[in-house]
*Asks:* 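What follows is a structure written as structure tokens; I'll ask about it next.
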Amino acid sequence: MQLLRRLLDELPEDLRQQVFTHASWTDKRAESYARLAFLGDSVLGLAVTTYLYPRLEAERYGAGRLTKIRAQAVSGPSCRKVAERLGVPERLRDAAPAGVGQSAATLVETERVLASVIEAVIGAVYLHFGYDRTAEAVVEAFMPEIERALEHPVDFKSALQEHLARRGQTVVYEVTAELGPPHDRTFEVVALVDGEPIGRGSGRSKKHAEQDAAHAALEALESEAGPAAEPQDEAEG
């Protein structure tokens, strides 16, 4: 975490100010952290992928498993934890303009906002210092989350059910196809909520296919919610 904190503190004042400017705090959207978060999201994913790829043996860690590990390591909850360790809530409160006290207090407790700000930090650091220094700092900052993803992989089915339970919904999985001979069969599964498909997946077993469908559903629900940085974007579609 020391590397990322140091690079953040060394950013030019105008860029650092933009990192901690929510869209509702400025009349010019370009002055908020939204675009930086968009950039930082890509840099974060690449940095973690580049770290994982040469360290995990190909026979045990195929593309699907690597994708799940990376998704967990850079998920919203993971980003929130990194943001809290970096002191993002305190920095956001300090950056809030006069007259938005309650708004700021609410925002700094929101996972979506904290995740977006940590991505904005990464985006800004990348713009100013380049990829190599940024990637090193990102991997150090996210190392606890990376190790947790390796040691305790998330059960996507359970995660999806918990997400839906908060909305009073449940998910049902249906096998839509069984492809190939019995000794080399692939199952295709759809995850349904209220009869509507929200995710599709495939796997060598029904269990793996359901996990894949649940993962796709979680990603779809996250995209449906819109960018974490910009609640306004949800209305824009």
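If you're wondering where the values come from, they're calculated on a predicted model, not measured in any experiment.
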*Asks:* Which ring pair (Phe, Tyr, Trp, His ring centres under 6.0 Å) pairs, counting each pair once, include a residue from residues 120-170, with sequence neighbours left out?
*Replies:*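 Passing the test, one end in residues 120-170: Phe156-His215.
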
*Asks:* Among all residues two or more places apart in sequence or in another chain, which pass the salt bridge (Lys or Arg N to Asp or Glu O under 4.0 Å) test with Asp9?
*Replies:* Arg91

*Asks:* Sequence neighbours excluded, which residues qualify as side chain to side chain donor-acceptor pair (under 3.5 Å) partners of Thr110?
*Replies:*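 Listed in chain order: nothing, the list is empty.
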
*Asks:* Below 4.0 angstrom, N of the basic side chain to O of the carboxylate: do Glu210 and Lys206 qualify?
*Replies:*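 Here Glu210 does not pair with Lys206 in a salt bridge, since their nearest N and O are not under 4.0 Å apart.
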
*Asks:* Nearest 0.5 Å, please: how far is CG in Asp194 from CD in Gln169?
*Replies:* 5.5 Å

*Asks:* If the condition is salt bridge (Lys or Arg N to Asp or Glu O under 4.0 Å), which residues does Glu140 pass it with, not counting sequence neighbours?
*Replies:*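 Residues passing salt bridge (Lys or Arg N to Asp or Glu O under 4.0 Å) with Glu140: none at all.
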
*Asks:* Going by the rule side chain to side chain donor-acceptor pair (under 3.5 Å), which residues pair with Arg85 if we only count those two or more places apart in sequence or in a different chain?
*Replies:* Glu145

*Asks:* Output every pair passing side-chain hydrogen bond (donor to acceptor under 3.5 Å, both in side chains) with a member in residues 54-73, not counting sequence neighbours, ordered by first then second residue.
*Replies:*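 Residue pairs with at least one partner in residues 54-73: Thr49-Arg70.
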
*Asks:* The criterion is side chain to side chain contact (heavy atoms under 4.5 Å, CB included); which residues satisfy it with Ala209, sequence neighbours excluded?
*Replies:* Phe187, Val189

*Asks:* What residues, two or more places apart in sequence or in another chain, satisfy side chain to side chain donor-acceptor pair (under 3.5 Å) together with Glu10?
*Replies:* none

*Asks:* If hydrophobic residues (ILVMFWY) are linked whenever their side-chain heavy atoms come closer than 4.5 Å, directly or via other members, who joins Val172 in its cluster?
*Replies:* none

*Asks:* Just to verify, what does Arg93 make a salt bridge (Lys or Arg N to Asp or Glu O under 4.0 Å) with, not counting sequence neighbours?
*Replies:*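 Scan of Arg93 (salt bridge (Lys or Arg N to Asp or Glu O under 4.0 Å), adjacent residues dropped) gives Glu109.
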
*Asks:* Can you list everything that forms a side chain to side chain donor-acceptor pair (under 3.5 Å) with Lys81? Sequence neighbours excluded, please.
*Replies:*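 Per chain and number, Lys81 pairs via side chain to side chain donor-acceptor pair (under 3.5 Å) with no residue.
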
*Asks:* Checking Leu86 now: which residues fulfil side chain to side chain contact (heavy atoms under 4.5 Å, CB included) with it, not counting sequence neighbours?
*Replies:* Met1, Leu4, Arg5, Leu8, Val88, Ile118, Val121

